[in-house]
Each structure stands twice: as C-alpha cells, then as structure tokens.
Amino acid sequence: MSTSEKSTFKAGYIVVVGLPNVGKSTLVNNLMRFRLSICTAKPQTTRHRILGIYSGENFQMIFWDTPGLIEPKYRLQEAMMRTAERAIADADFILFIVDVDHQDQSKNETLLTRFAAVGKPIVLAINKIDTISRDALLPIIDRYRHLYEFADIVPVSALHGDNVDELEKVLIRLLPVNPPFYPLDQITQHPERFFVAEIIRGKIFTNFGQEVPYSTAVVIDDFVEKPGKKDVIKARIVVERETQKAIIIGKKGKALKEIGKEARIEIEAFLQRPVFLELWVVVREKWRKKEKWLREFGYDQ
Ligand SMILES: Nc1nc2c(ncn2[C@@H]2O[C@H](COP(=O)(O)OP(=O)(O)OP(=O)(O)O)[C@@H](O)[C@H]2O)c(=O)[nH]1
Ligand SMILES: [Mg+2]
C-alpha cells in the first residue's frame, strides 16, 4: 500500500438496526456476499451482535448485525436489547432498516427517535421493495424523507439484491478515513464453533413452530479437528421443557435426525470439510429467565 492509498483508506463500524424480521441479516449477508447470519421467516432470529467485515481495495466496512428491537419480556430479550444498544454506542453510523409494511410505521418512528438521540448519521434502507409496486413505494420514501434528515435513503430488496450496490456506495461514502481495523481477508471475528451453533439453531427455527425455536439454545460441547478424518462436533440443544425435548427428538428420533442431517450439510459447506455431527437434547427449566444459563449459553457477556 502506498502512502497516498493509506491516507484515503476508509474504514468504520456500521450498526444494522431495526424491528424484528425486516431483513437486517439478509441485507448484511447480501452486502457481504457471504452467509454470515442465519435468516428465517420468524422474528427474533438474531440474538447476538454479529460482526461481519467487508473489505474492498480502499475501504473496510465492519457490520454489526443486531437482534430486532422490541420491548423485552424476559431476560434473554433484555440481554438481546443490551447487545443492540451497545453496538449502536460503538458504531460510527447507523444503518436503519425498515420494510415496506405500513403497519410498523409508528414502531419505526419510535425507534427513529431513539436513534436520532444518539447523534450519529443514519442511513435508511427501505427493504422488501420486491413486494410492492413502484407507485406504492414513492409515498413511503416521501414520508420518511419528511420525517428525519437521513444521511441517505435507499430502497432495496435484500432478498433479490436489488439496489444493494447503490446502498454499498452510500455506505462507503460515509465511512470515516481510517486505516483498516482488520486484515483485508478477514470476514469475521467469531470462531467457527459460533457459526456451527448458529447453523443448528437456524435449523430449529425453520423446522419447528412458534414456541420451540424461542426456547432453544445451542451449545457446542466438543469440536475436535481430526486431520485426514472427519471433524467431530458435539452440540447440545437446550430447551425449557420436557415436551419441547420430545418435539425436537420426534417419533423414534426422526425429527432430530433430520435436523442433524440438514445442519451437517450446511456446516460442511461452511467449513469446507466433512464433519461428524452429534446432537443431544437437554432440558434447563426457564433458562431464558436465568442469568446463570444466559451466561453459560453466551447471551449475556
Ligand atoms: N420478499 C422479501 N423478503 C425478504 C427480503 N429481505 C428479507 N426477507 C425475508 O424476511 C424474513 C426475515 O429476514 P431476516 O434477514 O432474518 O430478518 P432480520 O431483520 O434479521 O430478523 P431478526 O434477526 O429476527 O430481527 C426472511 O424470511 C427473509 O427471507 C426482501 O428484500 N424481500
Ligand atoms: Mg437477523
């Protein structure tokens, strides 16, 4: 890197925030061209702040994908909200994502008031434009434009990648001049085992109904690399009740087997090597309400 290149290098932290299910993780994955976070049709999929590093020749954006913002009802959710707040405090600017759904308008306005108080530039991405007509989109953009002086407003479809390039340009423009914070080929800071646990949790989100995913945590108990052989990964699926355990295991263990198979395929694609995945299910009553378990499962640091 020459001196002049060094001085024009831009790098910074961008926190990605919004209501649950608006497409934050899908958008970060699309911007990074990498499946960093699990995305599902259910709200509150993301529970941590997930660091994603996206570098180009003369920029480095460091994303924090965060849990969707809600009024917390139990300790796990409180921890999730603290996580998001911390990421907001640490970021250079805010990427606020709303979807085109009108019903969330007042909730979004409440969030905006909170973000505005932080005093950092806010880029608004209006997501899921593939679900409405152009005619319907224009008044939505207009409404937000009158609501607040955003650094920019960019309509996108995170799912289909529409206009994500445009958003990328806007984000690069706003990055402060800084040398890179991480090596240019680094994508994240989380260890492999974090992503392995997230992939398994994602399978539980997509395979089961309302209650079970929210009562589930996944802990990796063992991750042994065996050069020349398959890695051995032992993962513990923690639920809150015996009935939930029975659902996850299924008749003659069929449901658990299916999750294990789906997760293994995705883990192997992620790690680029074959693995032997062993899953077991345990009950920890009301773990979502207990500090001790939240800490053990990595939710409250
Ligand atoms: N039609 C459409 N669906 C989208 C788009 N972006 C995301 N989705 C869908 O919206 C759902 C939620 O996406 P996520 O990326 O998990 O949303 P999130 O904001 O990270 O959600 P939480 O982590 O739960 O707060 C998924 O089913 C996505 O496929 C989009 O541009 N268009
Ligand atoms: Mg998410």
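Numbers here simply count residues along the sequence, with the first being 1. Every number for a ligand or one of its atoms is a count from 1 in the order of the listing.
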For this session: Tell me, please, whether Y74 has R288 positioned over its six-membered ring: NZ or CZ under 6.0 Å from the ring centre and within 45 degrees of its axis?
Result: yes
Exercise. Using 30° and 60° as the class limits, which term best fits the ring planes of F115 and F96: parallel, tilted or perpendicular?
Worked result: perpendicular
Exercise. Against heavy atoms of P43, which atoms of ligand 1 measure under 4.0 Å?
Worked result: 24 (O)
For this session: Anything under 30° is parallel, anything over 60° is perpendicular, the rest tilted; go ahead and classify F150 against Y148.
Result: perpendicular
Problem set entry | Closest approach of any protein heavy atom to atom 4 (C) of ligand 1, naming residue and atom | K128 CE, 3.7 Å
Exercise. Between P20 and ligand 1, does any nitrogen or oxygen pair lie at a separation below 3.5 Å?
Worked result: no
For this session: Just jot down the ligand 1 atoms closer than 4.0 angstrom to any heavy atom of G68, in number order.
Result: 25 (O)
For this session: Ignoring hydrogens and angles, tell me if any N or O in the side chain of N21 forms a donor-acceptor pair with the backbone of A41 under 3.5 Å.
Result: yes
For this session: Out of D99, T26, T46, indicate the one that has the non-hydrogen atom closest to atom 28 (C) of ligand 1.
Result: T26
Exercise. K24 heavy atoms, cut-off 4.0 Å: which ligand 1 atoms fall inside?
Worked result: 15 (O), 17 (O), 18 (P), 19 (O), 20 (O), 21 (O), 22 (P), 25 (O)
Problem set entry | Per-atom contacts of ligand 1 with T131, taking only distances under 4.0 Å to non-hydrogen atoms | 1 (N)
Problem set entry | Mutual orientation of the aromatic rings belonging to F270 and F34 [parallel < 30°, tilted 30-60°, perpendicular > 60°] | tilted
For this session: Check ligand 1 against S157 and write out every atom of the ligand that is under 4.0 Å from a heavy-atom position of the residue.
Result: 30 (C), 31 (O)
Exercise. Are any of the heavy atoms in K42 under 4.0 Å away from ligand 1?
Worked result: yes
Seminar exercise, completed: Of V164, V28, D130, the one whose closest heavy atom lies nearest atom 1 (N) of ligand 1 is D130
Problem set entry | N or O pair under 3.5 Å between V22 and ligand 1 | yes
For this session: List every atom of ligand 1 that sits less than 4.0 Å from any heavy atom of C39, numbering the atoms from 1 in the order shown and giving each element.
Result: 15 (O), 16 (O)
Exercise. For A158 and ligand 1, does the shortest N/O to N/O distance drop below 3.5 Å?
Worked result: yes
Exercise. Close to the Mg ion (ligand 2), meaning under 2.8 Å, how many protein N, O or S atoms are there?
Worked result: 2
Exercise. Are any of the N/O atoms in D65 less than 3.5 Å from those in ligand 1?
Worked result: no
Exercise. Quick check: does any side chain N or O of Q244 sit under 3.5 Å from a backbone N or O of E240, one acting as donor and the other as acceptor?
Worked result: yes
Exercise. Going by distance only, is there an N or O of Q44 that falls short of 3.5 Å from an N or O of ligand 1?
Worked result: yes
Exercise. Which one of L27, T45, T40 has a non-hydrogen atom at the shortest distance from atom 11 (C) of ligand 1?
Worked result: T40
For this session: Answer yes or no: is there an ion pair linking R236 with D221, defined by an N-O contact shorter than 4.0 Å?
Result: yes
For this session: Answer yes or no: is there an ion pair linking K203 with E198, defined by an N-O contact shorter than 4.0 Å?
Result: no
